[in-house]
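Labels below follow one simple rule: chain letters A, B, ... track the order of the sequence lines, proteins then strands, and each chain is numbered from 1.
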Amino acid sequence: MALTLYNTETRKKEQFVPFNRENVTMYVCGPTVYSYAHIGNARAAVVFDLLFRVLQLNYKKITYVRNFTDIDDKINKAASEQNVPISEITRHFANIYQKDMLSLGNLAPTLEPKVTEHIPQIIKIISELIEKGHAYEAEGHVLFNVPSYPEYGSLSHRDRDDQIAGARVETAPFKKDAADFVLWKPSDDSLPGWASPWGRGRPGWHIECTAMSREHLGENFDIHGGGQDLIFPHHENELAQGKCSGNHGKYAKYWVHNGFVKVNGSKMSKSLGNVFLVHDLLEKYPGEVLRYCLLSSHYRQPLDWTDDLTSQGQEVLDKFYRTYLELQQEFDLARHSSLDEAQPTQEIVDALNDDLNMSKVFAVLHRLIAEIRKQEDPEIKKSLGVSFIASARIIGLMNFDPEQWFQKEKATSIKIDELYIENLIQERKTARSEKNFKRADEIRDELKSNHIVLEDKPDGTTEWKIFEQ
RNA sequence: GGUGUCGUAGCCAAGUGGUAAGGCAGAGCUCUGCAAAAGCUCCAUCGCCGGUUCAAAUCCGGCCGACACCUCCA
């Protein structure tokens, strides 16, 4: 089955046909780096990482660009509050972002360009826009003139006339049209700025993505991604700039947008104090659990972040790793190269190609587990097992050695005295061999009251793990 | 006011015309000294009302409800 994607611009699921099969291009709006990434930022990163992986299943070479926005008024504000240069803030949080995204099992994009490294390209595009009559200078600002581009609104499907009625628009007096937006704004001495034909200043919000996508992917590229909130005005404006400057074309061929993360049914916002930071969540859950949760509903649907969701994620991942562990113990998979060469099953690939149908993917993974469990022929079992692991890995899960996975769980939260636990396990073993089940149960209970649960394995050993609450 | 998205079991979530995938939780049984794991079994008629059709969760209309964007935001 060929890859199909839902295109925001046409509002349809379309078959994906790249401009160039030899180099598929994708640009995704990355973070503005002035604080920690929250779980909503993470969703976008995970969704497009998944798409990156799916593209790799279909094509040899993918160029995936995800930018860092490192010049922005929020950054300026943070920098002046802390009395440090903006680069100190942006470098710090860009680093954290990269680490957090890695923890979630995301592959690194091909390129991660920064806005401040593309000022000349930005100035060039703005100059082109002015030359072609799509932009004008006013009081040190340069603005894009929306009426000069009749197709404006084609991406977000908004009719300008209908918008104005109830919208809370504060119009700057120097705008020719209320919808005009800033391409370049002046900086006084207290603000970061760059020399330009219009004086010292800094870029507006949307122009950077036009410049960076053009620099690294060309004037036309295949996929443009981001969160749903970016459709308007960010992507609409970006598209206008892209099509009105340089040569003409489609700009981006497929616009793909992921849905929002909600928290207990309502929007995540600072004022409600319900913003979950990836950084904090990683203290409590393995990155793969968070990844599972983020992938558990279709990427275009809203995702409600709840305790139920994370505990379900933990259960499912444990089940996956339990299967992996059994396979590992039976076949010593790590010793063989079979794992590295293994491919996901065709059914999984088809589900992914169908606009990233993750529910189908998980259904197949669970079915594979059941088949593995029941399979008695070792050769068939091994082959199923290898397919299962390869299939889970293609979506960015099962990157840990299974023993490491369960070991890691032990290490989280709650302070543990391993020696104390091991001693009690020994004592219980002795008690059990003497049929002193009363004492054996006492030990189980005692550990249980300390959040430790014991599991007797078929081979006679006893393992322990921590349970919450 | 404009523009969209959505409403499927306790929870998560597919399915978009032919009589409801999967998972989590739960219940029962098997196995196990106990517990866990594993296996088997059970657990919905798809927000409401009306229409189209031989046939609708799936198409159309109306209503109710939730959410988002139109302002910085993934």
Side-chain angles (χ1 to χ4, degrees), chain A residues 8 11 28-32 34 37-48 66 69 72-74 77 153 156-170 179 205 225-234 236 257-262 265-270 275 292-294 296-304 306-316 318-319 322-323 325-326 351 354 357-367 369-370 372-374 428 431-432 435-438 440-441 443-445 447-448 453-458 462-465 467:
Chain A
T8 303
R11 292 177 173 167
V28 174
C29 290
T32 301
Y34 68 102
H38 58 242
I39 194 69
N41 297 307
R43 186 181 193 191
V46 167
V47 163
F48 289 100
R66 185 182 63 202
T69 297
D72 173 276
D73 287 348
K74 290 190 290 289
K77 187 164 172 253
S156 58
H157 308 284
R158 285 162 204 270
D159 178 13
R160 289 201 49 220
D161 298 331
D162 294 338
Q163 294 286 311
I164 296 164
R168 294 165 273 168
V169 185
E170 234 178 274
W205 179 33
Q228 248 160 22
D229 56 319
L230 296 180
I231 297 171
F232 189 90
H234 184 57
E236 190 70 61
H257 294 96
N258 66 275
F260 260 57
V261 176
K262 298 189 294 176
S266 57
K267 183 175 174 170
M268 195 162 52
S269 75
K270 281 180 187 164
V275 175
Y292 171 86
C293 294
L294 291 170
S296 66
S297 76
H298 187 83
Y299 75 92
R300 276 186 279 115
Q301 296 299 116
L303 174 68
D304 201 4
T306 61
D307 286 343
D308 257 351
L309 181 68
T310 43
S311 65
Q312 286 186 20
Q314 186 73 60
E315 291 297 331
V316 171
D318 281 352
K319 181 176 168 182
R322 227 176 279 132
T323 305
L325 184 63
E326 285 166 21
D354 181 16
N357 187 341
M358 286 307 296
S359 294
K360 183 73 188 296
V361 170
F362 285 122
V364 175
L365 287 175
H366 278 105
R367 203 199 59 220
I369 288 178
I372 289 165
R373 292 264 157 71
K374 282 180 205 164
R428 176 166 168 274
R432 290 171 73 204
K435 302 270 184 213
N436 183 359
F437 297 122
K438 184 167 173 285
D441 286 344
I443 290 168
R444 180 183 283 286
D445 289 342
L447 287 171
K448 196 174 173 184
V453 61
L454 299 181
E455 292 178 2
D456 296 329
K457 297 295 171 183
T462 297
E463 295 195 355
W464 57 271
K465 66 180 186 185
F467 67 96

Considering only heavy atoms and no angle criterion, is a donor-acceptor pair shorter than 3.5 Å present between the side chain of A:D308 and the base of B:G10? no
A:N258 atom CG is separated from B:A68 atom P, nearest whole Å, by 15 Å
Residue pair A:S156/A:V261 against RNA chain B: nearer the 5' end by closest nucleotide is A:S156
Spacing of the P atoms in B:C42 and B:G47 (rounded, Å): 25 Å
Flag this pair as yes if the NZ/CZ of A:R158 is under 6.0 angstrom from the six-membered ring centre of A:F232 and inside a 45 degree cone about the axis; otherwise no.
-> yes
Taken to the nearest whole Å, CD/A:Q312 to C1'/B:G26 is 13 Å
Practice task
For nucleotides B:A74 and B:A35, find the distance between their C1' atoms and express it as a whole number of Å.
Solution key: 44 Å
Report task. Considering only atom C1', compute the distance from B:C12 to B:G26 and round it to an integer number of Å. Result -> 15 Å
Report yes if at least one side-chain N or O of A:K319 is closer than 4.0 Å to OP1 or OP2 of B:C24; otherwise report no.
yes
task: Would you mind classifying the nucleic acid contact of A:V47 as base, sugar-phosphate or nothing, using non-hydrogen atoms under 4.0 angstrom?
output: nothing
Item to complete: Give the C-alpha distance, both sets of side-chain angles, the deciding distance and a yes or no for side chain to side chain contact (heavy atoms under 4.5 Å, CB included) between A:L294 and A:L303.
Response: CA-CA 8 Å; A:L294 291 170; A:L303 174 68; 3.9 Å; yes
**Q.** Distance between P atoms of B:A20 and B:A56 (Å, rounded)
**A.** 12 Å
Could you work out the separation of B:G18 and B:C59 based on their C1' atoms and round it to a whole Å? 14 Å
message: Using a 4.0 Å heavy-atom cut-off, does A:R66 contact any base of the nucleic acid, only the sugar-phosphate backbone, or nothing at all?
response: nothing
Among B:C34, B:A38, B:G23, the one nearest any side-chain atom of A:R322 is B:A38
Identify whether any heavy atom of A:L230 sits under 4.0 Å from a base atom; if not, whether one sits that close to sugar-phosphate; answer base, sugar-phosphate or nothing. sugar-phosphate
Result for 5'-nearest mapping on RNA chain B, choosing between A:R444 and A:R300, is A:R300
Here the distance between atom P of B:C34 and atom CZ of A:F437, to the nearest Å, is 9 Å
- Message: Please report the distance separating the C1' of B:U16 from the corresponding atom of B:C46, rounded so that it comes out in whole Å.
- Response: 12 Å
Quick note, A:E455 side chain, CB onward, closest among B:A35, B:C72, B:A21 is B:A35
Rounded to whole Å, the CG-C1' distance (A:D445 to B:A35) equals 10 Å
Check nucleotides 13-20 of chain B against the protein and report each pair of N or O atoms closer than 3.5 Å, with its distance, or say if there are none.
from  : atom 1 : to     : atom 2 : distance (Å)
B:A13 : O2'    : A:S359 : OG     : 2.4
B:A14 : OP1    : A:H298 : N      : 3.1
B:A14 : O5'    : A:S359 : OG     : 3.2

| request: Would you confirm whether A:R432, through its side chain, and A:A440, through its main-chain N or O, come within 3.5 Å as a donor-acceptor pair? | output: no
Paired to B:U58 by Watson-Crick or G-U wobble criteria (both distances under 3.5 Å) is none
* Asked: Less than 3.5 Å between a donor and an acceptor, one on the side chain of A:D456 and one on the base of B:C34, is that the case here?
  -> yes
Problem - Sidechain-backbone polar pair: A:H157 side chain, A:T8 backbone, donor-acceptor under 3.5 Å - result: yes
Review point. Which is true for A:G40 with a 4.0 Å heavy-atom rule: it touches a base, it touches only sugar-phosphate, or it touches nothing?
Key: base
Paired to B:C46 by Watson-Crick or G-U wobble criteria (both distances under 3.5 Å) is none
Minimal heavy-atom distance between A:K319 and A:H366, with the atoms involved, is NZ-CD2, 3.4 Å
A:D73 atom CG is separated from B:C72 atom P, nearest whole Å, by 11 Å
Base, sugar-phosphate, or nothing for A:R367, non-hydrogen atoms under 4.0 angstrom?
nothing
- May I ask you to say what A:R373 touches in the nucleic acid, namely base, sugar-phosphate or nothing, with a heavy-atom cut-off under 4.0 Å? sugar-phosphate
**Message:** Counting distance alone, no hydrogens or angles: does the base of B:G4 have a donor or acceptor under 3.5 Å from a partner atom on the side chain of A:R158?
**Reply:** no
(request) Would you mind classifying the nucleic acid contact of A:K374 as base, sugar-phosphate or nothing, using non-hydrogen atoms under 4.0 angstrom? (result) sugar-phosphate
Tell me, with the steps shown, if A:Y292 and A:V316 meet side chain to side chain contact (heavy atoms under 4.5 Å, CB included).
CA-CA 9 Å; A:Y292 171 86; A:V316 171; 3.7 Å; yes
Original post:
Taking atom types as they are modelled, is there a donor-acceptor pair under 3.5 Å from the base of B:A74 to the side chain of A:R43?
Top reply: no
Practice task
Report yes if the side chains of A:D229 and A:H234 come closer than 4.5 Å at any heavy-atom pair, otherwise no.
Solution key: no
Pairing partner of B:C69, by Watson-Crick or G-U wobble and under 3.5 Å for both distances, is B:G2
Of B:A21, B:C11, B:A74, the nucleotide closest to the side chain of A:A363 is B:A21
Report task. Measure the shortest side-chain to side-chain distance between A:I39 and A:M268 over non-hydrogen atoms and say whether it is less than 4.5 angstrom. Result -> yes
Which is true for A:Q228 with a 4.0 Å heavy-atom rule: it touches a base, it touches only sugar-phosphate, or it touches nothing? nothing
By the Watson-Crick or G-U definition, both distances under 3.5 Å, B:C29 is matched with B:G39
When A:V364, A:N357, A:L365 are each screened for side-chain contact (heavy atoms from CB on, under 4.5 Å) with A:V361, the one that passes is A:L365
Per atom distances to the A:R11 side chain, the nearest of B:C70, B:G23, B:G4 is B:G4
Looking only at atom P, what distance separates B:A36 and B:C31, rounded to whole Å?
15 Å
Rounded to whole Å, the CG-P distance (A:D229 to B:C70) equals 8 Å
A:W464 atom CH2 is separated from B:A35 atom C1', nearest whole Å, by 17 Å
**Message:** Between B:C60 and B:G7, how many Å separate the two P atoms, rounded to a whole number?
**Reply:** 14 Å
Should A:K74 and A:T69 be marked as a side chain to side chain contact (heavy atoms under 4.5 Å, CB included) after you check the CA-CA gap, both sets of side-chain angles, and the distance that decides it?
-> CA-CA 11 Å; A:K74 290 190 290 289; A:T69 297; over 6 Å; no
Taken to the nearest whole Å, OH/A:Y292 to P/B:C12 is 13 Å
Check your understanding: Reckon A:G313 touches a base, only the sugar-phosphate, or nothing at all at heavy-atom distances under 4.0 Å?
Key -> nothing
Show the numbers, then the answer: is there a side chain to side chain contact (heavy atoms under 4.5 Å, CB included) between A:R428 and A:L454? CA-CA 11 Å; A:R428 176 166 168 274; A:L454 299 181; 3.8 Å; yes
Worksheet item: Base, sugar-phosphate, or nothing for A:A44, non-hydrogen atoms under 4.0 angstrom?
Response: sugar-phosphate
By the Watson-Crick or G-U definition, both distances under 3.5 Å, B:G10 is matched with B:C24
- Go through the N and O atoms of the side chain of A:H257 and the base of B:A74, and report whether any donor-acceptor pair is under 3.5 Å. no
